[in-house]
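A note on names: the letters A, B, ... follow the listed sequences, proteins ahead of strands, and every chain is numbered from 1.
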Amino acid sequence: MRIATWNVNSLKARLERVEEWLAYAKPDVLCMQETKLANSAFPAMAFESLGYESAHHGGGRWNGVAILSRVGLADVVAGFSGETEPDPIESRLLSADCGGVRVSSVYVPNGRSLDSEHYQAKLTWLSDLTDHLTNTCRPDAPVAVCGDFNVAPQDRDVFDPTKFKASTHTSDAERAAIARLREWGLDDAFRALYGQERLFSWWDYRAGDFHQGRGMRIDLILTTQPMMKAARWGLIDRNARKGKSPSDHAPVLIDFEL
DNA sequence: ATGGTAGCGCTGCTA
């Protein structure tokens with residue numbers, strides 16, 4: 001099973017490129033983030049014609065997450081478990097059963113700066129995600145939590161660690177939040193396949209960062225042990241970051257022998 | 001050199 005994640009930075013602006021990518025990458029499951037669409041504007045028919053069922057959770061303009069699947073899509077849940085009235089603007093979590101795997105598409109809050117209330121909200125959000133997993137699934141079952149975590153788990157996941165002192169995405173507290181997900185039972189499947197390599201999934205649009213290799217690896221596929229054991233191969237598709245009107249993120253995919 | 005670009009949507013915010 002090929003599982004992919006891609007922050008598309010507006011699905012309205014990116015639909016053609018997503019369709020093109022689906023046609024050649026042929027993922028079984030694609031988690032998308034930052035669709036920036038309301039549910040009523042989600043182009044489900046375009047994906048249906050390519051053979052994908054889909055689910056979307058979005059309030060428009062900001063955030064928005066989706067799951068596409070051609071191996072089944074069941075038990076779709078938007079937001080955290082037990083959320084009585086999810087704020088559509090804060091649409092950052094969507095979960096579904098896809099071919100025997102509990103898949104979540106996540107868009108973790110950016111945090112903005114270490115002294116911002118949004119940074120505290122980011123830490124709370126990651127803690128809530130751990131609670132959500134505890135409440136909804138088991139670490140000995142096949143679980144894949146995929147998305148833009150807005151955290152670079154290790155120094156090798158940023159182009160220059162000295163440039164990320166006292167900044168979001170690399171702070172001890174953010175990495176500790178990822179460590180708590182690991183303690184729950186989720187591992188970084190791409191890192192397990194690629195060891196020490198420094199491969200990035202996001203590059204700022206500005207200042208030629210992509211062509212200068214100034215990026216970060218913040219788009220992660222975190223999986224439980226049954227999935228880790230089945231992980232065979234992975235790719236960050238940098239070609240999808242090139243050419244006309246790319247997202248600032250590249251898609252990340254992993255093949256699991258399931 | 002604290003710049004630079006993109007998306008949304010119409011003013012400045014978010015990333």
Engineer: Is there a donor-acceptor contact under 3.5 Å from the side chain of A:Arg217 to the main chain of A:Arg198?
Structural biologist: no
Engineer: Can you tell me if A:Arg17 uses its side chain to pair, donor with acceptor, with the backbone of A:Ala240 under 3.5 Å?
Structural biologist: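 Yes, the answer is positive, given that a donor and an acceptor are paired below the 3.5 Å cut-off.
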Engineer: Between B:dC13 atom P and A:Arg112 atom CZ, what is the distance in whole Å?
Structural biologist: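 Atom-to-atom, A:Arg112 to B:dC13, this comes out as 10 Å.
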Engineer: How far does the P atom of B:dC10 sit from the matching atom of B:dT14, given to the nearest Å?
Structural biologist: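 Roughly 15 Å separates the two P atoms.
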Engineer: Decide, yes or no, whether a salt bridge links A:Asp160 with A:Lys163 under the criterion of side-chain N to carboxylate O below 4.0 Å.
Structural biologist: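 Yes, A:Asp160 and A:Lys163 are salt-bridged.
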Engineer: Please report the distance, rounded to the nearest Å, between NE2 in A:His118 and C1' in B:dA15.
Structural biologist: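 Nearest whole value for this atom pair: 12 Å.
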Engineer: A:Arg214 has an atom CZ; how far is it from atom P of B:dG3, in whole Å?
Structural biologist: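 Answer to the nearest Å: 16 Å.
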Engineer: Taking atom P of B:dA1 as reference, at what distance in whole Å does atom NZ of A:Lys163 sit?
Structural biologist: 14 Å
Engineer: Which residue, A:His118, A:Gln120, A:Arg112, forms the side chain to side chain donor-acceptor pair (under 3.5 Å) with A:Ser116?
Structural biologist: A:His118
Engineer: Can you measure A:Arg92 atom CZ to B:dA15 atom P for me and round it to whole angstrom units?
Structural biologist: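 For the pair A:Arg92 CZ and B:dA15 P, the rounded distance is 7 Å.
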Engineer: Mapping A:His249 and A:Leu11 to their closest nucleotides on DNA chain B, which lands nearer the 5' end?
Structural biologist: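 Its nearest nucleotide being more 5', the pick is A:Leu11.
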Engineer: Rounded to the Å, how far apart are A:Glu90 CD and B:dT14 P?
Structural biologist: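 Answer to the nearest Å: 11 Å.
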Engineer: What integer number of Å spans the C1' atoms of B:dG4 and B:dA15?
Structural biologist: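 That atom pair is separated by 13 Å.
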Engineer: Sub-3.5 Å donor-acceptor pair from the side chain of A:Asn135 to the main-chain atoms of A:Asp131, do we have one?
Structural biologist: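 It does hold such a pair.
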Engineer: Could you go through nucleotides 4-7 of chain B and list every protein N or O atom that sits under 3.5 Å from one of its N or O atoms, giving the distance for each pair?
Structural biologist:
residue, atom, partner, partner atom, Å
B:dG4, O6, A:Arg206, NH1, 3.4
B:dG7, OP1, A:Arg14, NH1, 3.1
B:dG7, OP1, A:Arg14, NH2, 3.3
B:dG7, O3', A:Ser10, OG, 3.3

Engineer: Counting the atoms with a prime plus P, OP1 and OP2 as sugar-phosphate, which does A:Phe210 contact under 4.0 Å by heavy atoms, base, sugar-phosphate, or nothing?
Structural biologist: nothing
Engineer: Rounded to whole angstroms, how far apart are CG on A:Asp209 and C1' on B:dG3?
Structural biologist: 11 Å
Engineer: Throw together a table of side-chain donor-acceptor distances under 3.5 angstrom for residues 21-31 of chain A, partners on residues two or more places apart or in other chains.
Structural biologist:
residue, atom, partner, partner atom, Å
A:Trp21, NE1, A:Asp237, OD2, 2.8
A:Tyr24, OH, A:Asp237, OD2, 3.0
A:Lys26, NZ, A:Ala23, O, 2.7
A:Asp28, OD1, A:Arg70, NE, 3.0
A:Asp28, OD1, A:Arg70, NH2, 3.4
A:Asp28, OD2, A:Arg2, N, 2.8

Engineer: Quantified in whole Å, what is the P atom distance between nucleotide B:dT2 and nucleotide B:dG12?
Structural biologist: 24 Å
Engineer: Quick one: ring-ring contact (aromatic ring centres under 6.0 Å, His included) pairs with a partner in residues 32-55 of chain A, sequence neighbours left out?
Structural biologist: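 Passing the test, one end in residues 32-55 of chain A: A:Phe42-A:Phe47, A:Phe42-A:His56.
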